[in-house]
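Beneath this line is the structure, given in structure tokens, with notes to follow.
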Amino acid sequence: MNYWLMKSEPDVYSIHHLAAEADQTDYWDGIRNYQVRNFIRDDIRVGDRAFFYHSQCKVPGIVGTMRIVREAYPDHTAFDETEKYFDPKSDPDNPRWLMFDVQLDAIFPNIVSLAELRQHEQLAEMRVVQKGNRLSITPVTEEQWNYIQFLSAGN
DNA sequence: GCCAACGTTGGC
DNA sequence: GCCAACGTTGGC
């Protein structure tokens, strides 16, 4: 089983949006970066766990956890001209972009902010705290996962 | 709103 | 295949 960190802009889609969905389950769409596409294709599997991270907002940070409930299938939003992430180069017969489904696991009682993540030496290797990191999905180690769970409990 | 970092595009 | 130009991300 793998662990991940997934970014979303709360103004566009926050953890509360996910919480309001039927079965608290939704698809994770709009990935248009090849490194991340390859994570989806090769590594993200049913049963994996993921942090939900709010980016591009006043207090960026980890706001909760999710489970992957369906793995890699074509991102249909790439085929729809009216979609923000429409990509005319993605052929429905050979889809370039993939999505997957997530189910909400828990909303943290308090955000574990990026500023807080940066204060812990144990998390220094996380991609999200490193300068210039722009990947919207990044791997997390089991140790990092467990440590952040500990922080989220208010430690 | 600024700007650094990085990915992608396209001319050559 | 190189690399300049451009677009996007995302913290601050």
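All figures in this text were calculated on a predicted structure; none of them were measured in a lab. Order of the sequence lines sets the chain letters (A, B, ...), proteins ahead of strands, with each chain counted from 1.
Whole-Å rounding puts the A/R32 CZ to B/dT9 C1' distance at 17 Å. Spacing between atom CG of A/L5 and atom C1' of C/dG10 amounts to 13 Å, rounded to whole angstrom units. Regarding A/Q130, its CD atom lies at a distance of 16 Å from the C1' atom of C/dT9, rounded to whole Å. Remark: P of C/dG10 and CE of A/M126 are 14 Å apart, rounded to the nearest angstrom. Rounding to whole angstrom units, NZ of residue A/K58 and C1' of B/dG1 are separated by 16 Å. As a whole-Å value, the separation of A/I62 CD1 from C/dG11 P is 12 Å. As a whole-Å value, the separation of A/N133 CG from B/dA5 C1' is 10 Å. A/M6 places its CE atom 18 Å from the C1' atom of C/dT9, with the value rounded to the nearest Å.
When distances run from any side-chain atom of A/N33 to the nucleotides B/dA4, C/dC12, B/dG7, the shortest one goes to B/dG7. The side chain of A/R134 lies closest to C/dT9 when the candidates are C/dT9, B/dT8, C/dG11. For A/Q56, the side-chain atoms get nearest to C/dG10 when compared with the rest of B/dT8, C/dG10, C/dC12. The nucleotide whose nearest atom lies closest to any side-chain atom of A/S55 is, among C/dG10, B/dT8, B/dG7, C/dG10. Considering only side-chain atoms of A/K7, the nucleotide from C/dG11, B/dG7, C/dG10 that sits closest is C/dG10. Of all nucleotides listed (C/dT9, B/dT8, B/dA5), B/dA5 comes nearest to the side chain of A/K131.
The residue A/E9 sits apart from the nucleic acid: no heavy atom pair falls under 4.0 Å. Among the atoms of the strands shown, only primed sugar atoms or phosphate atoms (P, OP1, OP2) are found under 4.0 Å from some heavy atom of A/R118.
DNA chain C is contacted by both A/A115 and A/Y85; A/Y85 maps to the nucleotide lying nearer its 5′ end (nearest heavy atom per residue).
At the phosphate of C/dG11, OP1 or OP2 sits under 4.0 Å from a side-chain N or O atom of A/Y53.
Not one N or O on the side chain of A/D80 forms a donor-acceptor pair closer than 3.5 Å with the backbone of A/T77. Using a distance-only test at 3.5 Å, with no hydrogens or angles considered, no donor-acceptor pair links the side chain of A/S113 to the main chain of A/V59.
Remark: aromatic rings of A/W97 and A/Y85 are distant, center separation not under 6.0 Å.
Atom CD of A/Q122 has more than 12 heavy atoms from other residues, nucleotides or ligands within 6.0 Å.
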For A/R49 and A/D105: C-alpha separation, side-chain torsions, deciding distance, then whether salt bridge (charged side-chain N to carboxylate O under 4.0 Å, His left out) applies.
CA-CA 9 Å; A/R49 310 285 299 277; A/D105 182 34; 2.7 Å; yes
